[in-house]
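Have a look at the structure below before the remarks.
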2 protein chains.
Amino acid sequence: MAGVQKAKSEETHRRVLEAAIAAVEAGGMEAVNIRKIAADAGYSVGSVYKHFEDQDALLLAVNSVTLGRIKELMASKVETVDEPLARLKVLALAYLGFARDNRNLWMTLFSHQLPEGKAVPEWHIQENIALLGFIAAPLRELDPTMQDEDLAARTRTAFAAVHGLVTISLEARFVGLSGEKLEEEMNFLVERLAG
Amino acid sequence: MAGVQKAKSEETHRRVLEAAIAAVEAGGMEAVNIRKIAADAGYSVGSVYKHFEDQDALLLAVNSVTLGRIKELMASKVETVDEPLARLKVLALAYLGFARDNRNLWMTLFSHQLPEGKAVPEWHIQENIALLGFIAAPLRELDPTMQDEDLAARTRTAFAAVHGLVTISLEARFVGLSGEKLEEEMNFLVERLAG
DNA sequence: CTCAAAAGTGAACATTGTTCATTTTTCTTC
DNA sequence: GAAGAAAAATGAACAATGTTCACTTTTGAG
């Protein structure tokens, strides 16, 4: 009759996290209200704190899931294209597509900030850096002679540029480009940077 | 003996806004606590609300000042360089420099989000778009044959790419490039996009 | 069966954005 | 200058929400 505690603990963790993800999807970061999350998941407020140290930790967990989804999406795209430059374009468009289709998750991923003094945990930094691998590989293929250090810098630059275009396109403060035109600009950007 | 009301009103507005700017500079967006702002400015909470509809409006005012400073900085740089490509590089590095030197103001400018349903006021959108003019001009010089519509899109793309590089470099979640290497990448980015 | 540990609860507290009835100051009119 | 209206300023009170913790219930081990 052993294992009930473990199963219960895991289910609670999962259901709380799922409720938090659903809340973010529905209403963005601001919608993560501990009382609401607890009620949605079917527990009391106290139980949430048994599984997540505080609201920031919960949001970090949500962001970790989001990053996982992005990584999964990119992994599925990588296999479909051989030619390095074309692959980079597909990756960039996939990243853009994810942001468009999952606006709230994506914005939470990048706008949630830990309070001053609290450092981003190393495992989460690694999750982010892992994404860069998808970009580094084709860049390496395009220029095998590049030094490792330069490749690393160039990879970050390429990612950052694409990320910026996605960011600005979603910003209400700028009148973003929409639809096809945006995708054209994305292709232009990748071609100029990597071509 | 007239004009006292106007002067008082203006001074209160100014001092509240100054306190809010100081708070953001010192501790970021989260440091904007109405009670603290009121105390710092030397007024009661109620007075803050006589001049700013709510916290979002106050932050919007702070962001407007920040944008003004960025604009001023860019305007001062534009005059120093004739050659279009070099001017773009100077502008990009100035933008990066501002973000580094005014991290909290810069991050507040781009991470403060209005609650769902509240639209960014048109005057603030215009303030943002005004920045693009600095970029559009040299791009036009570099390619006078470009269609207006294409120039507008290319301008946004160039700005977005630079903005992305700045963003990522400030993100704790990524291990950003630092110092000289970052400036090298910025120059590379501008050259590839506009050169 | 008994007791310790883990899971779960929810009242209570602290912080903070916001409102509004009230007071104080300034302006206008006579 | 006096009186009333309008504006400026106040701060207590309310509501929402993150967090804690003493307590109850459930599970596991001996």
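If you're wondering where the values come from, they're calculated on a predicted model, not measured in any experiment. Throughout, a chain's letter reflects where its sequence line sits, starting with A, and its residues are numbered from 1.
- Whole-Å rounding puts the A:Glu10 CD to C:dA7 P distance at 10 Å.
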Can you build the contact string for nucleotides 9-17 of chain D? Use B for base contact, S for sugar-phosphate-only contact, and - for no protein heavy atom under 4.0 Å. BBBBB---B
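- With sequence neighbours left out, B:Arg103 forms a salt bridge (charged side-chain N to carboxylate O under 4.0 Å, His left out) with no residue at all.
- Distance, B:Asp54 CG to C:dT18 C1': 9 Å, rounded to whole Å.
- Scanning all heavy atoms of the two residues, the minimum distance from A:Ala136 to A:Leu151 falls at O-CD1, 4.0 Å.
- Distance A:Ile37 CD1 to D:dT19 P: 13 Å, rounded to the nearest Å.
- Listed by chain and residue number, B:His13 satisfy the ring-ring contact (aromatic ring centres under 6.0 Å, His included) test with B:His51 (two or more places apart in sequence, or in another chain).
- Atom OH in B:Tyr49 sits about 9 Å away from atom C1' in C:dT19, given to the nearest Å.
- Residues forming a salt bridge (charged side-chain N to carboxylate O under 4.0 Å, His left out) with A:Arg192 (at least two apart in sequence, or on another chain): none.
- Under the salt bridge (charged side-chain N to carboxylate O under 4.0 Å, His left out) criterion, A:Glu72 pairs with no residue at all, not counting sequence neighbours.
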N/O-N/O pairs, protein side and nucleotides 28-30 of chain C side, under 3.5 Å:
none

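- If you measure from atom CZ of B:Phe52 to atom C1' of C:dT18, you get 16 Å, rounded to the nearest angstrom.
- A:Lys50 pairs by the salt bridge (charged side-chain N to carboxylate O under 4.0 Å, His left out) definition with nothing, not counting sequence neighbours.
- Annotation: side chain to side chain donor-acceptor pair (under 3.5 Å) contacts involving residues 111-122 of chain A, sequence neighbours excluded, comprise A:Asp54-A:Lys118, A:Asp56-A:His112, A:Glu122-A:Gln126.
- Comparing B:Lys6 and A:Glu30 along DNA chain D, the residue whose closest nucleotide (by nearest heavy atom) sits nearer the 5' end is B:Lys6.
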Could you give the side-chain donor-acceptor pairs of residues 29-40 of chain A under 3.5 Å, partners two or more places apart or in another chain?
unit_1	atom_1	unit_2	atom_2	d
A:Asn33	OD1	A:Arg35	N	2.9
A:Asn33	OD1	A:Lys36	N	3.1
A:Lys36	NZ	A:Asp40	OD2	2.6

